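This is a predicted model, so every value here is computed, not measured. The figures that follow rest on heavy atoms only: side chains count, while hydrogens, waters and symmetry mates do not. Just so we're on the same page: letters track the sequence lines, and every chain starts at 1.
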Number of protein chains: 2
Amino acid sequence: MADGAPYTISDLAESFDVTARTLRFYEDCGLLAPERHGRTRLYSERDRKRLRLVLRGRRLGFSLEEIKEMLDIHYARPGEVSSPDVMRARIAAHRARLVQGREDAVIALDWLDALEGRLDRLAPREARRAVAGRMG
Amino acid sequence: MADGAPYTISDLAESFDVTARTLRFYEDCGLLAPERHGRTRLYSERDRKRLRLVLRGRRLGFSLEEIKEMLDIHYARPGEVSSPDVMRARIAAHRARLVQGREDAVIALDWLDALEGRLDRLAPREARRAVAGRMG
DNA sequence: TGTTTAGTTAACGTAAACGTAAATTTTTCA
DNA sequence: TGAAAAATTTACGTTTACGTTAACTAAACA
């Protein structure tokens, strides 16, 4: 009881727009660890949350290994906190990368704005809304 | 005249913390196109700027091909603006990705903060400043 | 009860982004 | 000018993150 609907591999794959292969691969990497009914994988809400974190990390440009590292810290039990100083250093590195990424993104967005503006001047947009009227 | 100091490949490699191989590879990809003095590559300020953009794109998680696409738009001459609608669509896609990345980064930073806080509670930091005194 | 329809493991394939080694100029500088 | 240092091309190797069969099993359904 109180399980909250387990997902099949294709359920999860579809809802996150990844392939089943990807989910199995993430399992090989230690990123996911779904239960099994016989051989068949059954994904819980917890697995969904982990997957969400994994995909976010991926979008942020972290490697799967880095993502695993972060998840390992995130899900570490009190007794399992080995070498916290190393972990703190890694967290600091991750943070630095994220901050750098945000700065880069701001600049890149401005750049894209300028780019689009230039495009508009060089090749003005069609007035799509005005097709029906005039000129007829 | 008015050239402004050309850089050798190792100059540029060192100042951007990449290898010479990387610069040659970027050239193969069409991302850079330095002049040649005989066979030797000579990088200008313009090349420096392009490289800066390339590396920023890389940090943002764009593929070299996507980066090339953006640079091609950026450096397109008026006459060369082919299919501006396609370009606008690509720019929109790039922008969407950057915006998504920023949102993810904000969440991830909060997450890292929480993670570090938890680490601090589970394994308090050493009081580094107090080494010299006491206990002696 | 046969046959689609998922799901599984195992294994090889691949694209991107370089690394690395070899063999060959080119440049520099004592 | 001649040897060491730096640059070049060519080409094969490597890692990451999956894609793609293949061969098999379990489940569901007409």
Enumerate all atom pairs, one protein N or O and one N or O from nucleotides 25-28 of chain C, separated by less than 3.5 Å.
none

Checklist line | By side-chain contact (heavy atoms from CB on, under 4.5 Å) - contacts of A:R36 (at least two apart) | finding: A:E27, A:R41
Checklist line | A:R41 CZ - C:dG7 P separation (whole Å) | finding: 11 Å
Next item on the list: Give a yes/no on whether any side-chain N or O of A:S10 is located under 4.0 angstrom from OP1 or OP2 of C:dG7.
Entry: yes
Check: Under a criterion of less than 4.0 angstrom to any heavy atom of chain A, what are the 5'-terminal and 3'-terminal contacting nucleotides of DNA chain D?
Finding: D:dT16 to D:dT20
Next item on the list: Evaluate the ring planes of B:H74 and A:W111, with Trp represented by its six-membered ring, and classify them as parallel (under 30°), tilted (30 to 60°) or perpendicular (over 60°).
Entry: tilted
Note to self: I want to check something: taking the side chain as every heavy atom from C-beta on, are A:T40 and A:T8 in contact at a cut-off of under 4.5 Å?
What the structure shows: no
Next item on the list: Taking only heavy atoms on the protein side, list every residue of residues 16-34 of chain A lying under 4.0 Å from any atom of DNA chain D, sorted numerically.
Entry: A:T19, A:R21, A:T22, A:F25, A:Y26
Note to self: The criterion is side-chain hydrogen bond (donor to acceptor under 3.5 Å, both in side chains); which residues satisfy it with A:R48, sequence neighbours excluded?
What the structure shows: A:S15
Margin query: Nearest whole Å is fine: how far is C:dA15 C1' from B:F62 CZ?
Written below: 19 Å
Checklist line | Atom CD of B:Q100 with >12 non-hydrogen neighbours under 6.0 angstrom | finding: yes
Next item on the list: Rounded to the nearest angstrom, tell me the gap between atom CG in A:D11 and atom P in C:dA6.
Entry: 11 Å
Checklist line | A:E35, CD atom: more than 12 neighbouring heavy atoms under 6.0 Å | finding: no
Next item on the list: Starting at atom CG of A:L12, determine the distance to atom C1' of C:dA6, rounded to an integer number of angstrom.
Entry: 15 Å
Checklist line | Polar contact flag, side-chain donor to acceptor under 3.5 angstrom, B:Y26-B:R58 | finding: yes
Notebook entry, point to check: Tell me, which pairs form a salt bridge (charged side-chain N to carboxylate O under 4.0 Å, His left out) where one or both residues lie in residues 10-25 of chain B, sequence neighbours left out?
Noted result: none
Checklist line | Protein-nucleotide distance (B:I9, atom CD1; C:dC18, atom C1'), rounded to Å | finding: 13 Å
Note to self: Under the criterion side chain to side chain contact (heavy atoms under 4.5 Å, CB included), I'd like the reasoning laid out for B:R125 against A:R88: C-alpha separation, chi angles, the key distance, then a yes or no.
What the structure shows: CA-CA 10 Å; B:R125 295 165 197 257; A:R88 263 187 275 268; 3.4 Å; yes
Check: Looking only at heavy atoms, which two atoms of A:A105 and B:L60 are closest? And how far apart?
Finding: N-CD2, 3.7 Å
Next item on the list: Evaluate salt bridge (charged side-chain N to carboxylate O under 4.0 Å, His left out) for B:R95 paired with A:E116, printing each intermediate quantity in order.
Entry: CA-CA 11 Å; B:R95 183 150 35 213; A:E116 197 170 34; 2.5 Å; yes
